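Every value quoted in this text rests on a predicted model; they were computed, and no experiment measured them. Hydrogens, waters and symmetry mates play no part in the numbers below; they use all other heavy atoms, side chains included.
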Amino acid sequence: MQADYDLLVIGGGINGCGIARDAAGRGLNVCLLEMNDLGGATSASSTKLFHGGLRYLEYFEFRLVREALIEREVLLTAMPHISWPMRFVLPYHAQMRFDTSTPTSRLLGTFMPWMKGRRPAWLIRLGLFLYDNLGGRKILPGTTNIDLTTAPEGAPLQDKFKRAFEYSDCWVEDSRLVVLNARDAEARGADIVTREKVISADVTDGIWTVTSQNTTTGQQTKRTAKMVVNAAGPWVGDVLRGTLKSNSSAGVRLVRGSHIVTKKLFDHDKCYFFQGTDGRITFAIPYETDFTLIGTTDVEHTDPSQKPECTDEERDYLLGFINQYIAKPISKDDVVWTYSGVRPLYDDGADSATAATRDYVLKTDTSRGAPALNIFGGKITTYRCLAESALEEIAKELPISGKPWTAGVAMPGGDFPVDGVDDLIASLRAQFAFLDARWARRLVRAYGTDAFEVLNGAAQASDLGQDFGATLTEAEVKWLMDNEYAQRAEDIVWRRSKLGLRMTPEQIETLDTWMATRLTTVSSAAAE
């Protein structure tokens, strides 16, 4: 048989899109199938950070942390529109107690039993020293000390916190990162197909025949490929055993992470890193200018088909956690939005969800007579490294002439300097005088240099067509539908942007109706 594709990727999350991009850039003929919207599950529900994972040092996961620390700056230079440096404030006082089950805690308890679960400041400073130096930091500033009694970072906190450490990590717009990887993969020759669910996969003469079904029309399509990549995220286990019919013993551990968004809790642009007695940490992050993002939880989630939602218990846990630190307690009435995602971690037998490894694990299975690569775990920070590792595995089964190439290569819209956002905003406003500063910043932070294309030569705001609310216009919606795979209102207001925080339900419904009408019109025209 002559296969349609070298590689067929199941799953349009960050891992699937990252692998498709890398493979297409190396000359492979690639197809990616996603049953819903790109990044519609876990990859749109992260804590929105490119970070090394400071707490993983407690578990001695030095390789994972080092790789993630190196990647922060590699990724920052490739996507300065959707990622930027952020400073993190870690409050400390001597009586704080911590989880006693981590390897570091057990070691400390053996040699310093009088500490009774407390962390000496020197130990935290040692961890931050490692964090500063494991990754060969070049762009991001290192750790400093803060006097919370005089610094503005101390104002939102309880008086008992007198000092803090401040270190660097990065913010990222997670679901936009997924779409940009898909766009770049398509630009390099990949076929990106959304809203088609893989329903079966069979092998004939060493070639996969994969059948998918359009989730809107019900139409089925068969495609053949030399190799399949199972990057189905929370459904990786279902695809592994149910669709690919593998007997592999590799298992997935589903862990739900929930977040809450509240009214703005502090006036500066730094993030807080709060430590709990249960081994968890919680971030409080400036979010979408007027809000604060708080997360996350670690709760076992048994069924991938059950939509993850922030439970009342998780919400109250996060509120209670942050109220141990902030001076003015908040309640459920301050929560304006919640979201949850399911992390498909590799099942390493850890005692708790918190202790389960966040490292990625790749398993190749040839038992069906054709190779399939199954992807477990991973962090959004290391998705590019995971893709490179996946291509190393794929190269054992398929001839690949191309070498690793993605490090530092700009994402669509990201072809400008790391410190060039303000200059780009100024250029956009100079060309489109009707933009105010906030609108221009939103467009640059979403689209980078592509913002000029989104506005499509408009001389005044009315040239952009219908106003759907919150500066979302017909011109932008069309651009997202034509270039970024958006088909429904939720794709735009909760994934391509977070404008859902500012739009009314009626405005979102109007948008959804408009998009459905346009899709029907375009489909009818294409059929003629």
Side-chain angles (χ1 to χ4, degrees), residues 17 21 37-39 44 78-84 171-187 192 194 288-289 410-418 420-503 507-508 510-512 514-519 521-522:
C17 290
R21 177 190 183 227
D37 182 31
L38 294 175
M79 53 195 79
H81 49 329
I82 64 166
S83 179
W84 53 88
W171 173 266
V172 65
E173 299 287 356
D174 53 5
S175 49
R176 290 212 53 73
L177 175 62
V178 177
V179 170
L180 295 185
N181 271 274
R183 282 182 57 195
D184 201 46
E186 186 174 53
I192 306 296
T194 64
E288 295 294 318
T289 307
M411 287 291 176
D415 49 339
F416 63 96
V418 171
V421 168
D422 289 339
D423 289 342
L424 193 57
I425 292 171
S427 297
L428 193 68
R429 294 192 69 192
Q431 184 168 332
F432 302 95
F434 57 85
L435 295 175
D436 61 26
R438 188 160 176 160
W439 188 358
R441 178 168 288 275
R442 181 183 76 77
L443 292 173
V444 166
R445 278 304 188 193
Y447 307 111
T449 55
D450 284 341
F452 294 87
E453 292 186 22
V454 173
L455 296 174
N456 195 28
Q460 52 194 5
S462 59
D463 293 340
L464 298 173
Q466 185 170 341
D467 181 356
F468 294 103
T471 72
L472 181 66
T473 64
E474 182 179 327
E476 184 174 355
V477 172
K478 286 181 176 178
W479 196 89
L480 287 166
M481 295 180 75
D482 294 343
N483 296 278
E484 293 200 351
Y485 318 99
Q487 295 186 25
R488 299 173 186 171
E490 64 176 304
D491 303 346
I492 291 178
V493 303
W494 293 119
R495 286 185 283 278
R496 309 302 184 275
S497 74
K498 293 298 179 288
L499 292 176
L501 289 167
R502 307 183 190 282
M503 297 173 68
Q507 288 173 323
I508 295 174
T510 297
L511 172 63
D512 204 41
W514 188 93
M515 293 176 68
T517 301
R518 184 172 189 262
L519 279 175
T521 301
V522 171

task = Report the distance from atom CG of L177 to atom OG of S83, rounding to the nearest 0.5 Å.
result = 8.5 Å

ask   = What's the shortest heavy-atom distance between A470 and M503, and which atoms?
value = CB-CG, 3.8 Å

message = Applying side-chain contact (heavy atoms from CB on, under 4.5 Å) to M481 and L519, what does each step give before you reach the verdict?
response = CA-CA 9 Å; M481 295 180 75; L519 279 175; 3.7 Å; yes

ask   = Relative to each other, are the rings of F468 and W514 parallel, tilted or perpendicular (30° and 60° limits)?
value = perpendicular

task = Sorted by first residue and then second, give each salt bridge (charged side-chain N to carboxylate O under 4.0 Å, His left out) pair with at least one member in residues 420-429; sequence neighbours left out.
result = D422-R441

inquiry  = So, using side chain to side chain donor-acceptor pair (under 3.5 Å) as the criterion, who are the partners of E474 when residues are at least two apart?
reply    = K478

note = All heavy atoms of V477 vs all of M515, minimum pair found to be CG1-CG, 3.9 Å

ask   = Can you list the steps and then say if H81 with L180 is a side-chain contact (heavy atoms from CB on, under 4.5 Å)?
value = CA-CA 11 Å; H81 49 329; L180 295 185; 3.5 Å; yes

request  = Verify salt bridge (Lys or Arg N to Asp or Glu O under 4.0 Å) between R495 and D37, making sure each step is shown before the conclusion.
outcome  = CA-CA 9 Å; R495 286 185 283 278; D37 182 31; 2.7 Å; yes

ask   = CH2/W439 to OG1/T473 distance, rounded to the nearest 0.5 angstrom?
value = 6.0 Å

task = Identify the two heavy atoms, one from G448 and one from L424, that lie closest to each other, and give their separation to 0.1 Å.
result = C-CD2, 3.7 Å

request  = Look at the side chain of S497 and the backbone N and O of I492, then say whether any donor-acceptor pair between them is shorter than 3.5 Å.
outcome  = yes

query = Can you tell me if T471 and R442 form a side-chain donor-acceptor pair at under 3.5 Å?
reply = yes

key: side chain to side chain donor-acceptor pair (under 3.5 Å) involving W171 - partner list, sequence neighbours excluded   = E173

query = Under the 3.5 angstrom rule, does the side chain of R176 hit a backbone N or O of I82 as a donor-acceptor pair?
reply = no

key: Approximate separation, where rounding is to 0.5 Å, of D482 CG and R518 CZ   = 4.5 Å

task = Let me know which of V444, I425, L455 forms a side chain to side chain contact (heavy atoms under 4.5 Å, CB included) with L435.
result = L455

message = Give me the atom names and distance for the closest heavy-atom approach of S175 to A44.
response = CB-CB, 3.8 Å

key: Sequence neighbours excluded, every pair satisfying side-chain hydrogen bond (donor to acceptor under 3.5 Å, both in side chains) that has a member inside residues 443-454   = R183-D450, D415-T449, Y447-E476

query = Taking only residues two or more places apart in sequence or in another chain, which ones pass side chain to side chain donor-acceptor pair (under 3.5 Å) with S427?
reply = none

task = Show the numbers, then the answer: is there a side-chain contact (heavy atoms from CB on, under 4.5 Å) between T510 and Q466?
result = CA-CA 11 Å; T510 297; Q466 185 170 341; 3.9 Å; yes

ask   = Sub-3.5 Å donor-acceptor pair from the side chain of N181 to the main-chain atoms of V178, do we have one?
value = no

task = Look only at the side chain of D184 and the backbone of R21, and say whether a donor-acceptor pair between them is shorter than 3.5 Å.
result = no

Closest approach of L428 to A440 (non-hydrogen atoms, all atoms of both residues) = CD2-O, 4.0 Å

Closest approach of A182 to L38 (non-hydrogen atoms, all atoms of both residues) = CB-CD1, 3.6 Å

note = Across all chains, not counting sequence neighbours, the side chain to side chain donor-acceptor pair (under 3.5 Å) partners of D463 are none

query = To the nearest 0.5 Å, what is the distance between CH2 (W494) and CG (L501)?
reply = 4.5 Å

query = Between CD of E490 and CD of Q487, what distance do you get to the nearest 0.5 Å?
reply = 11.0 Å

inquiry  = What's the separation between atom CD1 in I508 and atom CZ in R488, rounded to the nearest 0.5 Å?
reply    = 15.0 Å

